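As structure tokens, the structure follows; a few thoughts come after it.
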Number of protein chains: 2
Amino acid sequence: MEFDLIARIRDRAATRDDVVLGIGDDAALLQVPADRQLVVAMDTLNAGVHFPPDTAAADIGWKALAVNLSDLAAMGAQPAWCTLSLSLPQADAAWLDGFLDGFLELAAKHGVALVGGDTTRGPLSVCVTAHGFVEPGRALRRDGACEGDDIWVTGTLGDAAAALAAMRAGAVSDRALRARLDRPTPRVEAGRALAGIASACIDVSDGLLADLGHVCAASGTGARVDVEALPASPALARFRPEQRWPWQATGGDDYELCFTAPAGRRDDVVQALADADGGVAAARIGLIEPGEGVCAIRPEGSVWRPASAGFRHF
Amino acid sequence: MEFDLIARIRDRAATRDDVVLGIGDDAALLQVPADRQLVVAMDTLNAGVHFPPDTAAADIGWKALAVNLSDLAAMGAQPAWCTLSLSLPQADAAWLDGFLDGFLELAAKHGVALVGGDTTRGPLSVCVTAHGFVEPGRALRRDGACEGDDIWVTGTLGDAAAALAAMRAGAVSDRALRARLDRPTPRVEAGRALAGIASACIDVSDGLLADLGHVCAASGTGARVDVEALPASPALARFRPEQRWPWQATGGDDYELCFTAPAGRRDDVVQALADADGGVAAARIGLIEPGEGVCAIRPEGSVWRPASAGFRHF
């Protein structure tokens, strides 16, 4: 039965010129451009942990690829290929077709070829490895932030956490908020545009403060974030600031890019993002400072402390 | 807690000169040699499906990497890097340490660097992506078998299936047999030695007849296997032929290489394998024929039919 599933996947997967051999052998054969470094990210989504049990198969497919493309984006890489390992409680062709609808829709958007993987029996789990390329020396890393750098974030924060909070309270979440939870937008073009400009970058998957904390730890710096400056979508802006700040500062699943850049490059940042994919918004939300740890500040200058530090994996 | 686990993994993982950036950022940064193709395999092991529930953590770690290196071996590739996605019911440092003992022991044996991945909460599941290199045009594929080619298999077949059968019958399995189930040997050096000699290759993970069937389907040929020629280990040779043939012909989990080569290259096959890693044995077990499907023949010439066709993934 595995082979029926694999045939179904292979029949729908697109290919690329640099795929010498795709789905159907023991491994994929691929040609990396000689003047590029290979960038490899791997992330798993487990049912009930990384997506609500009622999530549509197509949304699971989209999200499983999106979180991996988001990791490539945070490195400034151009996505190329992915492999997929799908554990399913039973072989379910309708579910698989829905899953592939979402997965392959996002893959096509970024020209990504699905080149291999496996299907196995087990509790629902989706593991994806994404491969991309970056010019040597231009990768965005976590360890390049410098004292005095601006801290920026693309798009808006907190929608996914607000949707999850509504769901947990037994309420119907706003459709725009729920869409951010189910179909996050990997900021691939923004990441490409920022390569060579940003000094450090990470994608916001565990919560802004936690993820920015990783940048600070890797860079040996501290950071100060203006909590009022955190960008909110129109749907989220309807909530009181004190209610939405925790979602924006500590909610996971936004998959925006948090990056740092020298203050002298503000115009370059704005211009590069304006040119990327029809324009990606970004907000300046704070400063890299000496010391360690991330401090969030209220408008009047007092320290704001969230009740929770971000998504905990265990 | 994810970060404690990741730090524990990072502290023990070895690196290589071609790893620009390993564990600890959003993705790994890697340098593929300009004159090589990239080979990528991905396989998942789920508890209770791919290993018995009583399997030691170190054996799970070994096997999770071994099955992936076996896929690279079947392509004739030289392993280089891997990523690991580990889903665990809870963060358990002792279990993780045991797991890493086995995983990293095998990685060190083949000079493989663990460069990334993730750890998540969920039912016990281990997903590995293995990366290797092969010279352009020398990859071993499934689709190159030709009428008249010899069919070969490395090592011996059926030990893992015999161990599993004993376990299912509630018996204690022979230690030598159980070791083959828990710690399969990926035939990396044999695969490298056969690149440029073998016409087609696959690793025996689902059972010889099933896997040889994939070679035949991809190559547009049939095959005839002499069931008496299937090589047995000393531990397995103690069983009656009629009892061990099903394990040898249809048991999965052996991770030997089944390959084809022109009859005119018999001496090259033997010489190449004798030179590989202190010598790898191989047995000639049949012939590629016109037609389709795999036919197993008893010593007296009648067709031998197994009760089961091989490991079923669903």
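Any value given below was found using the heavy atoms of this structure, including those in side chains, with hydrogens, waters and symmetry copies removed. Please read these numbers as outputs of a predicted model, since none were measured by experiment. Order of the sequence lines fixes the chain letters, A, B, ..., with proteins taken first and strands second; residue numbering starts at 1 for each chain.
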Task: Test log, rule side-chain contact (heavy atoms from CB on, under 4.5 Å), inputs A/V40 and B/V115 - done: CA-CA 9 Å; A/V40 178; B/V115 298; 5.6 Å; no
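- With a threshold of 4.5 angstrom between heavy atoms, A/V39 approaches chain B through its backbone and through its side chain.
- Taking both residues in full, the closest heavy atoms of A/D26 and B/A41 are given as O-CB, 4.0 Å, listed atom of the first, atom of the second, then distance.
- Among all heavy-atom pairs drawn from B/D25 and A/M75, the shortest one is OD1-SD, 3.4 Å.
- Nearest approach of B/R36 to A/Q31, heavy atoms of both residues: O-NE2, 4.0 Å.
- Most heavy-atom pairs under 4.5 Å with chain B, from the set A/L45, A/D35, A/T129: that is A/T129.
- Heavy atoms of A/V128 lying under 4.5 Å from chain B belong exclusively to its backbone.
- If you tally non-hydrogen atom pairs under 4.5 Å between each of A/T83, A/V20, A/D18 and chain B, the highest count goes to A/T83.
- Using a 4.5 Å cut-off between heavy atoms, A/L84 contacts chain B through its backbone alone, with no side-chain atom that close.
- Of the two parts of B/N46, only the side chain, counted from C-beta on, holds a non-hydrogen atom closer than 4.5 Å to a non-hydrogen atom of chain A.
- For a residue to count as touching a neighbouring chain, one of its non-hydrogen atoms must lie under 4.5 Å from one of that chain's; by this rule B/V215 does not touch chain A.
- Only the side chain of B/L21 comes within less than 4.5 Å of a heavy atom of chain A; its backbone N, CA, C and O stay farther away.
- Contact of B/A28 with chain A is made through backbone and side chain together, with heavy-atom distances under 4.5 Å.
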Open item on the list: Under the criterion side-chain contact (heavy atoms from CB on, under 4.5 Å), I'd like the reasoning laid out for B/L38 against A/L38: C-alpha separation, chi angles, the key distance, then a yes or no.
Closed with: CA-CA 10 Å; B/L38 179 69; A/L38 179 69; 3.7 Å; yes
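- Proximity to chain B involves both the backbone and the side chain of A/L29, based on heavy atoms less than 4.5 angstrom apart.
- Taking chain B as the reference chain and counting heavy-atom pairs below 4.5 Å, the highest number among A/C127, A/C201, A/A34 is found for A/C127.
- For the options B/P123, B/S85, B/G48, heavy-atom pairs under 4.5 Å to chain A are most numerous at B/S85.
- Looking at B/D71, B/T44, B/V67 one by one, the single match for side chain to side chain contact (heavy atoms under 4.5 Å, CB included) with A/D118 turns out to be B/T44.
- In this structure, A/D17 places its CG atom where only 12 or fewer heavy-atom neighbours from other residues, nucleotides or ligands lie under 6.0 Å away.
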